[in-house]
Amino acid sequence: MDSIQDINIDLSINSGQYFLWEKMKKSWYGIYGETILKITDKTNERNDETVYEYDSYPEYNDWQKHIFRQDDNYDEIIYEISQNEKIRKIVQKYPGLRILRQKPIQCIFSFLCSSNNNIPRIRFILRNLSRKFGRKIVFDDMDFYTFPSLTSLYNASIQDLLSCGLGYRARFVSNTAKYISNKQLSMEYLKKIDYNYAKEELLKLDGVGEKIADCILLFSLDKLEAFPIDVWILKFLCQNIEQITKTEVKMNSKITSNQYKKISKEIRDHYGRYSGYVQQYVYYNIREENGRKW
DNA sequence: ACCCAGGCCCTTG
DNA sequence: CAAGGGCATGGG
């Protein structure tokens, strides 16, 4: 098991996977459902090892082990995905980039806001939702807002949702909150069942398609084989994977649900059970090469 | 005034 | 099946 020092905090937090983090006064503050997380860089200048201090409100001991997925065998993951030469080179550029484990409900609604949207605006909308429907918590003399509960989103009017900047996604949020509540869809159940079955369940949610479902599966339901394919990842695949080119996907074009399924299967056969980690490295790399904004 | 943004839904052919 | 348009909103 590797140590927490091997994790690159800034890289992991700021890689387009977990939106509700903010850096203030040399500390990162994150919203994890009802809990405020805090990370402070305590590295001594004369010490060469990076040291972080972890705090939270309410108290949540050793939360970093859960959130930063220290139960993963990171060495094994890196070894396996590095069997592919192209991926190995990209992985080596970003040591310590991790996938974070998000709270499922928060993750579902976060990525519901992501369609046809850009990352700064996704964060903007999520902050508005938290401010309007979350609970205020004062921590370090600052105001924070917890992520809205399922019930509060269930009860929210479309007008109130619209005021957060959701646009046409407001009805997705409302419908999805109602579906999960009414069907009593259990997040723990989704964690237990296989990738394919869990994805099938998520696709029933209004506003959740192939790509967003994969984001939810990878970032909150422990399905490390999930490989979200967005426009950037697709561009990478077209340039680097012969098999994808064979499917005759036009460059820079959208893909249909069936094309997505086909490519998704090929990818998971190709990169293996940790395809999700491949995606994270590739995504970071291609966004950096194209002057990311987040 | 245009175009774009971690897509998805709906309608046609 | 696939192709294509529409979609709220704000920033370049």
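Chain letters run A, B, ... following the sequence lines, proteins first, then strands; residues in each count from 1. Predicted model only: the values in this text are computed from it and were never measured.
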By the 4.0 Å heavy-atom rule, please label [X] as base, sugar-phosphate, or nothing.
X      : answer
A/S110 : nothing
A/G16  : base
A/I125 : nothing

Could you work out, with salt bridge (Lys or Arg N to Asp or Glu O under 4.0 Å) as the rule, every residue matching A/D141, not counting sequence neighbours?
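Testing A/D141 for salt bridge (Lys or Arg N to Asp or Glu O under 4.0 Å), a comparison that skips the adjacent residues, returns none.
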Take atom [atom1] of [X] and atom [atom2] of [N], then tell me their distance rounded to the nearest Å.
X      : N     : atom1 : atom2 : result
A/D230 : B/dC4 : CG    : P     : 16 Å
A/I216 : B/dG6 : CD1   : P     : 17 Å
A/L218 : B/dG6 : CG    : C1'   : 12 Å
A/F236 : B/dG6 : CZ    : P     : 18 Å
A/R123 : B/dA5 : CZ    : C1'   : 15 Å
A/D206 : B/dG7 : CG    : P     : 17 Å
A/I212 : B/dA5 : CD1   : P     : 16 Å
A/K211 : B/dA5 : NZ    : P     : 13 Å

B/S/- contact track for nucleotides 1-10 of chain C, protein heavy atom under 4.0 Å
SS---BBBBS
Between A/C113 and A/L166, is there a side-chain heavy-atom distance shorter than 4.5 Å?
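Counting from C-beta outward, A/L166 and A/C113 do come under 4.5 Å.
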If the P atom of C/dA8 is compared with that of B/dC10, how far apart are they to the nearest Å?
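Per the computed distance, 13 Å lies between those P atoms.
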Write down the distance separating the P atoms in B/dG6 and C/dG5, rounded off to the nearest Å.
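Those two atoms are separated by 22 Å.
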A/F111 stacking on B/dG6: centroids under 5.5 Å, ring planes under 30°?
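No; centroid distance or tilt outside limits.
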Under the 6.0 Å and 45° cation-pi test, does A/R268 pair with A/F227?
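So A/R268 doesn't make the cation-pi contact.
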Take the angle between the ring planes of A/Y32 and A/Y60 and call it parallel below 30°, perpendicular above 60°, tilted in between.
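Judged by the thresholds at 30° and 60°, the geometry between A/Y32 and A/Y60 is tilted.
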Specify whether A/Y284 and A/Y94 have parallel, tilted or perpendicular ring planes, treating 30° as the upper limit for parallel and 60° as the lower limit for perpendicular.
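A/Y284 vs A/Y94 ring planes: perpendicular.
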Test log, rule side chain to side chain donor-acceptor pair (under 3.5 Å), inputs A/N258 and A/T256
CA-CA 5 Å; A/N258 275 308; A/T256 67; 5.4 Å; no
Need to verify one output field. Residue with the more 5' nearest nucleotide on DNA chain B, A/F172 or A/Y283?
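Checking each residue's closest nucleotide, the 5'-ward one belongs to A/Y283.
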Find which nucleotide of DNA chain B each of A/Q280 and A/G207 is nearest to by heavy atoms, and output the residue with the more 5' nucleotide.
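Its nucleotide being nearer the 5' end, the pick is A/Q280.
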Run the side chain to side chain contact (heavy atoms under 4.5 Å, CB included) check on A/L234 and A/I263 step by step: do they pass?
CA-CA 9 Å; A/L234 186 62; A/I263 297 171; 4.2 Å; yes
